[in-house]
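Heavy atoms only: backbone and side chains are in, while hydrogens, waters and symmetry mates are out. Whatever order the structure lists ligands and atoms in, that order sets their numbers, starting from 1.
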Amino acid sequence: AIERTFSIIKPNAVAKNAIGAIYSRFEAAGFKIIAAKMLHLSREQAEGFYAEHKERPFFNDLVTFMTSGPIVVQVLEGENAVLRHRDLMGATNPANALAGTLRADYADSFTANAVHGSDAVESAAREIAYFFADDEICPR
Ligand code: CMP
């Protein structure tokens with residue numbers, strides 16, 4: 001089925017000047033980028049986005065990292081988009097990311113792992129709505 005997924009290019013990948021390289025990977029993989037913007041998250045925005053992790057030991061470091069510089073957020077649309085985007089990213093822990101995946105190429109650590117992607121269609125809908133108003137999404 002055609003799905004939408006939510007993607008973040010995290011501060012370490014933006015700092016590496018890798019936005020264009022990562023967008024090229026998305027487009028080469030057949031995704032349509034149907035919404036996009038750059039922003040620098042406040043602590044409140046980052047804590048809200050990652051609320052499901054707030055009891056985890058890495059939460060504070062994650063929020064500090066995600067607010068350390070600008071990020072780029074986008075909505076990707078395509079066949080089986082949630083799973084295909086996860087395959088393109090590679091494992092969450094870059095130590096386990098397969099060669100050729102975005103995390104193998106751009107991650108620095110488990111926290112600074114270059115990219116985020118939704119883990120299911122339901123979380124994608126919630127994450128898209130967290131960052132984008134309906135009129136900021138441009139399907140074509
Ligand atoms: P992300 O896909 O953005 O979702 C939550 C993030 O928390 C995850 O990527 C990692 O960057 C980070 N994370 C998850 N588990 C751990 C962990 N065990 N140690 C450090 N960071 C983690």
- Item | Ring centres under 6.0 angstrom apart (F6, F131) | yes
- For the atom pair CG (N80) and CZ (R86), what is the distance rounded to the nearest 0.5 Å? 12.0 Å
- Pairwise side-chain contact, M38 with I19, heavy-atom cut-off 4.5 Å (strictly under): yes
- Within the 6.0 Å centroid threshold, strictly below: F26 and H85: yes
Present, as a list of atom pairs with distances to 0.1 Å, all nitrogen or oxygen contacts under 3.5 Å between ligand 1 and the protein.
| from | atom 1 | to | atom 2 | distance (Å) |
| --- | --- | --- | --- | --- |
| ligand 1 | 2 (O) | H116 | ND1 | 3.0 |
| ligand 1 | 3 (O) | K10 | NZ | 2.7 |
| ligand 1 | 3 (O) | Y50 | OH | 2.5 |
| ligand 1 | 3 (O) | H116 | ND1 | 3.0 |
| ligand 1 | 9 (O) | K10 | NZ | 3.2 |
| ligand 1 | 9 (O) | N113 | ND2 | 3.3 |
| ligand 1 | 11 (O) | K10 | NZ | 3.4 |
| ligand 1 | 11 (O) | F110 | O | 2.7 |
| ligand 1 | 11 (O) | T111 | O | 3.3 |
| ligand 1 | 11 (O) | N113 | OD1 | 3.4 |
| ligand 1 | 11 (O) | N113 | ND2 | 3.3 |

- Please name all residues satisfying salt bridge (charged side-chain N to carboxylate O under 4.0 Å, His left out) with E77, sequence neighbours left out, ordered by chain then number. R4
- Query: Hey, are the side chains of D119 and V82 touching, using non-hydrogen atoms and a 4.5 Å cut-off?
  - Reply: no
